[in-house]
Number of protein chains: 2
Amino acid sequence: MQENDIKNAENGTDERPLTRIQKRNREAILDAALEVFSAQGFRGATLDQIAAQAGLSKPNLLYYFPSKEAIHTALLSGLMDIWLAPLHAMNPDGDPRDEIMTYMRRKLEMSREMPRESRLFANEILQGAPRMIEGIEGDLKTLVDTKAAVIQHWVDAGRLAPVDPYHLIFSIWALTQHYADFDVQVRAVLGPGHDPFAEAGNFLEMLFGRLLAP
Amino acid sequence: MQENDIKNAENGTDERPLTRIQKRNREAILDAALEVFSAQGFRGATLDQIAAQAGLSKPNLLYYFPSKEAIHTALLSGLMDIWLAPLHAMNPDGDPRDEIMTYMRRKLEMSREMPRESRLFANEILQGAPRMIEGIEGDLKTLVDTKAAVIQHWVDAGRLAPVDPYHLIFSIWALTQHYADFDVQVRAVLGPGHDPFAEAGNFLEMLFGRLLAP
DNA sequence: ATTTTGTTTGACCGACCGGTCAGGTTTTAT
DNA sequence: ATAAAACCTGACCGGTCGGTCAAACAAAAT
C-alpha cells in the first residue's frame, strides 16, 4: 500500500508538492499563455499557439491545465494581486503628495516592465471583463474605496489640492497603462530615437506635480 | 444591348449608384460589425455573430462584403477620419489654452457618444495594430506632427506652460479614451448612482487647467 | 407581361477549434 | 532491478470557423 492522503499544510487541500518538471512546465505554459492572450484576447488565442510558444504539445498543455479557460483564469487571478500591490502600498501616514507620486511612479514602472500583463487586463476589461468582473467588483473596488477615503481625508485636511479621489486614481491608471497598452501607437507617432517611458516619466512628474500642488 | 460602362465621376472606378436596399443593408452590417468587433476583437468575432446582430443570413453578409477582413477594413478606414477630426479642428490661430481644452472636451464627448468606435480602435492597437499600422504611421503621425509643432510654437512664444506636445496629446487620448475603453471597470469601481463622463469632464477641466496654466 | 437585374438562402466545403484517449516513454520510489 | 508513478504524444472527435454555390425569390426596367 501507499501513503496517499498528502495534505497541504497551507490550504488544507490534498495537493502533492510540485515536481521540478511540473514547476518548469507550468511556468512555461503560463508565460506562453500570457504572451498569446495579451496579444490576441481570450477568444482570439488558440491552444495551438500557446503550445507552440511554450514548446509543448497541445495534449501536454491539457495535462497540466484542464482547459483553455483554466489557463486564462490562473493567469488573471495570479496577476490581480501583483496589479493591486502598488496601490496597496500607499501609506495613509505618509506625505500625501509623496504617496501619490510614488504610486504613479510604481504604476508607470509596472507598465514598462510588465506590458504583457497590462495588455492582458486591458483586453479582458475592453471585452466586458466576463472573467474578471467578480474581482473588479470585489477586491479591486474594496481597495480603491479604502484608498480613495484616505485621499479624501488628505483633501479635507487641506494637505492636498481638492481633487476627486476616484478620478485621480483613474487618471493614474489611464496615463500609465496607456504607454503599455498603446505602445505600438506611441512608438509609431514618436518615431525612432525615443524612449517613451522615460519621456512619460518626466511628463507625468510635471502633470501630477501641478495637479496636486496646494 | 445595355449601357454598361457606368463611371463614377468622383473616383473614376466603375461603380453603379447604391440601391436603397444596398444602402440599408451595408449600414446594418457595419453597425453590427462595430458592435461585435469592438466587443470581441477581430479574431474573436465571428461572421455568424455579425449576421445575427444585423438580422441577415451569413451568405447574405458575404454578398455585400467579400470577406470578414473586408468588413473590418471598411470599418477602420471609415472611422480614422472621424477619429482625427477633433485634432484636425485645432486652430493654430486660436488661443492656445482654449484650443487644447476644446480638443480635450471634444475627445471626451466622442468617448461618451462613440464608445464602440473607441473600443474598436483600442482592440486593434492592443493587438499590435496589424490592420491599421499603415494609417497610424501615415495620416495619424502626420497630423500629430503638425499639431505638435503648433503647440511647440505656443510654448516657445511663452503662451503656454512648457509641456512636451506629444505627451500632452497622448495624455488627452489616454484620459478621455479610458472612460470609453474601461467603462466596465470605471462603473464597477464607482458603483451605482454615478455619471462617469460628467465627473470626468469636471476632473479633466481642472487637471488640464492646472497643467496648462502659465 | 416579361425579361433583366438585384437579392436571399439552404446546403455544403475544407480548415481549424478545444478537448479526449489509449498507449508509449521517462522519471522516481522501493 | 523493478514496479509504480509521472510525463508525453499521435490519432482522433464533434463542433465551429470563414467562405462557396446553385437555385429560388423579389424588384425594376422594358
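Any value given below was found using the heavy atoms of this structure, including those in side chains, with hydrogens, waters and symmetry copies removed.
- Nucleotide C/dG6 holds its P atom 16 Å from the CZ atom of B/Arg24, rounded to whole Å.
- Counting only heavy atoms from C-beta outward, the side chains of A/Leu84 and A/His88 never approach each other to under 4.5 Å.
- Minimum atom distance to the side chain of B/Leu62 is reached by D/dG19, of the listed C/dT7, D/dT9, D/dG19.
- Following rounding to the nearest Å, B/Ile50 (CD1) and D/dC17 (P) show an atom-to-atom distance of 11 Å.
- The side chain of A/Asp48 has C/dG18 as its nearest neighbour among D/dG18, C/dT8, C/dG18.
- Rounded to an integer number of Å, the gap from B/Lys23 NZ to D/dA27 C1' is 19 Å.
- One interatomic measurement links the two molecules: CD1 of A/Ile71 to P of C/dG18, which rounds to 10 Å at whole-angstrom precision.
- The side chain of B/Gln22 lies closest to C/dT7 when the candidates are C/dG18, C/dT7, D/dC8.
- The aromatic rings of B/His178 and B/Phe182 sit parallel to each other, their planes meeting at less than 30°, with 60° as the upper class boundary.
- Across the protein-nucleic acid pair, B/Lys68 atom NZ and C/dA15 atom C1' stand 14 Å apart, rounded to whole Å.
- With DNA chain C read from its 5' end, the first of the two nearest nucleotides for B/Pro59 and A/Thr46 is the one closest to B/Pro59.
- Going from atom CG of A/Leu47 over to atom P of D/dT16 covers 16 Å, rounded to whole Å.
- The CG atom of B/Leu56 sits 11 Å away from the C1' atom of C/dT7 (whole-angstrom rounding).
- Of the charged side-chain nitrogens involved, at least one lies within less than 4.0 Å of a carboxylate oxygen, so that B/Arg116 and B/Asp31 count as a salt-bridged pair.
- Among the heavy atoms of the strands lying under 4.0 Å from B/Ala45 are primed sugar atoms or P, OP1, OP2 only; no base atom is included.
- Ion pair A/Lys58/A/Asp48 flagged as a salt bridge, since at least one NZ, NE, NH1 or NH2 atom sits closer than 4.0 Å to an Asp/Glu carboxylate oxygen.
- Close to C/dT8, at under 4.0 Å from its OP1 or OP2, lies a side-chain N or O of B/Asn25.
- With C/dT8, C/dG18, D/dG18 as the candidates, the nucleotide lying closest to the side chain of A/Lys58 is C/dG18.
- Note on A/Phe65: nothing from the nucleic acid sits closer than 4.0 angstrom, heavy atoms only.
- An OP1 or OP2 oxygen of C/dG6 is reached within less than 4.0 angstrom by no side-chain nitrogen or oxygen of B/Arg20.
- Using a cut-off of 4.0 Å between Lys/Arg side-chain N and Asp/Glu carboxylate O, B/Lys23 and B/Glu27 are scored as salt-bridged.
- Taking atom CG of residue A/Leu61 and atom P of nucleotide C/dC21, one finds them 18 Å apart after rounding to whole Å.
- When each of A/Arg43 and A/Asn60 is assigned the nucleotide of DNA chain D bearing its nearest heavy atom, the one mapping closer to the 5' terminus is A/Asn60.
- Here A/Ala70 lies out of heavy-atom contact (under 4.0 Å) with every strand.
- In terms of phosphate contacts, B/Tyr63 brings no side-chain nitrogen or oxygen within less than 4.0 Å of OP1 or OP2 of C/dT8.
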